[in-house]
Q: 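I am attaching a structure below and will ask some questions about it afterwards.
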Amino acid sequence: MTTLHIINAAPTQTTQLSSCLRVLSAGDGIVFCGEAVQALRAGSLAAQQLQGIDHSCKVYALEEDVLARAIDAEALPVTLLDYPAFVALCVAYSRVSSWT
Amino acid sequence: MTTLHIINAAPTQTTQLSSCLRVLSAGDGIVFCGEAVQALRAGSLAAQQLQGIDHSCKVYALEEDVLARAIDAEALPVTLLDYPAFVALCVAYSRVSSWT
Amino acid sequence: MKFVINVLSSSNAPATRRALRFAQAVLAAGHEIVRVFFYQDGVLTASNNLVVAQDQQDIAKQWQAFITENKLDAVVCIAAALRRGVLDQAEAQRYQREAVNLADGYQLSGLGQLHDALQQADRCISFGGE
Amino acid sequence: MKFVINVLSSSNAPATRRALRFAQAVLAAGHEIVRVFFYQDGVLTASNNLVVAQDQQDIAKQWQAFITENKLDAVVCIAAALRRGVLDQAEAQRYQREAVNLADGYQLSGLGQLHDALQQADRCISFGGE
Amino acid sequence: MAKSVLLISRQAPWAGIGAAEALDIALAAGAFDLPLSILFMDDGVLQLLDQQQPQALEQKDLSANLQALPMFGIEQLYVAQHCLTVRGLADNPLALTAERVDDQRIQQLIRQHDYVMTL
Amino acid sequence: MAKSVLLISRQAPWAGIGAAEALDIALAAGAFDLPLSILFMDDGVLQLLDQQQPQALEQKDLSANLQALPMFGIEQLYVAQHCLTVRGLADNPLALTAERVDDQRIQQLIRQHDYVMTL
């Protein structure tokens, strides 16, 4: 009964990411898309928040958003998604929570 | 040649307030309106940011926004404004910077 | 699997393009879309008056084409649409406005349609913000 | 003193009501409003299709009345309006849309009108966000 | 059995119509007798503050809609205690009876519902 | 003498049309030969990053508009170094020639212009 969390706000609007991280259960996943992918930029303040994440939780990012913003996602253990993979993930988890 | 800064975003969207505070010159003023007045709530994390403000800078708040949100503004040295006073302030300072 | 797609942003927000690409991938994978529900600023996506510069993607037009081609059930929340100025023939008449600007393929209806869709579906994905 | 008022949010945002109450106080204090400029989502305030619930303030209607009664120069940025679906007669015709939804009292024009107003004025106050 | 929704309301009450539109989703669920719980989180916790005066902003009072929730059968109301605390409201009385919940309880709530909708 | 504008651009480049609409204000000033400076601040500093690929999002490349600024006579371009630093971009090359400025210089810039417009 795991949940896939989707976040899309810039990490500078901090409550979306930090609230999501607080209520993450073991086995949940997070998809970063839109401006939220800025949190994956190595050396950013936001990237530090992500270090403490439970190891049972997987982190994903929408590839197009990472490419558009010239982010080197290799610095973090992040799986890049295209839309078919994004849809498959939504099926794989029991529910989806969009932190719009 | 002082500037009147207007901020209206919730302090949880932190960059508006913190950026404004970084670039405040001596003698400038800040008007809190809309959700930004939440920063005036005693005991909030945002209210602590305001403690360090230069003493030559005056802090104002739109009275209607303070009333609507049940904030006890007495905890801080804040001058409450109605709209005529708000207009007069815009005249008194040399320019107005709205951090929309 | 059965999906509900919830669009909460205007056509100018990247989230609304993301919602469309996601919805296209849902159908391409053989899943079903029970309903697309437009709420909050999402109702602006259903305006027929949007004019997009030639060198830019017309996401509202693409949404409309996607809905029409796949005969999707596309419901625009009527209360949210009224306050944002998106009216069909009946509402324009009721409130005495001349401009009917709800695009073809969309229906104005209530929030009950969202809940009804949720009861039929397995997953609901919302796209809002930027 | 001469003011320019810049409205950047839709009529549903508190900022747009704040802009109106501020503008009213500007005139009440004997100052002049050179121009009210509607940009970004502010152009949605100039839609004639907005329908507000009876128990709520109709800020768009109040803006229109304020502009008309005081014969203010109210300019809506044409590029911002096109992408948000607010069209006057000429633009609706140019882009073959049936719905003319720019309210009376507003004119569509370019960003040059903002700069022109700034050159004439002493203060510019923007109201955007929430 | 009807599928259940956890509605997470994150918008401040007087920052536009977002909070009211989130509540409308709850009221609609109640009208159709569908199971829906509300969790007030982030700036959404401000909706529950006592002594607010929206008439100062010429706004419709959201608290009427909030008070209507139980009449519509929406009785599972939760508020994130952490979000109250960081806003200096840890011990403030609430205008509405809502269970104060910690992060672990929120994790449980999410798992107990079929859908999560955040507005 | 014409009145001058300091345009503070705070929006990220691919987070909607905000950044493009801010730039349009600058381009219009240039077209009318009016003095305007731009300060990129907060998420706005991301507009200046090199190697971005907006075509991945099927978006129009904002950098064309940025490159057009000098041609329109808009040559006073500044970027807040602090905002680059907190985003992990302190030493990154910029796609456009802009002067990196600290808080004190920003205070000066604000005082040197007749108007400040923030978008």
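Proteins come first, then strands; the chains are lettered A, B, ... in the order of their sequence lines, and each starts at number 1.
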Q: Taking only heavy atoms into account, what residues of residues 94-111 of chain C are found under 4.5 Å from chain D?
A: C/Tyr95, C/Arg97, C/Ala99, C/Val100, C/Asn101
Q: Taking heavy atoms only and a threshold strictly under 4.5 Å, list by residue number the residues of residues 17-34 of chain D that touch chain C; give 'none' if the list is empty.
A: none
Q: Can you name the residues of residues 51-68 of chain C that have some heavy atom under 4.5 Å away from a heavy atom in chain D?
A: C/Val51
Q: Might you point out which heavy atoms bring C/Arg84 and D/Asn12 nearest each other, and give the distance in Å?
A: CG-ND2, 3.8 Å
Q: What are the residues of residues 69-82 of chain C, in order of number, with any heavy atom under 4.5 angstrom from a heavy atom of chain D?
A: C/Leu82
Q: Between CG of D/Asp41 and CG of C/Leu44, what distance do you get to the nearest 0.5 Å?
A: 8.0 Å
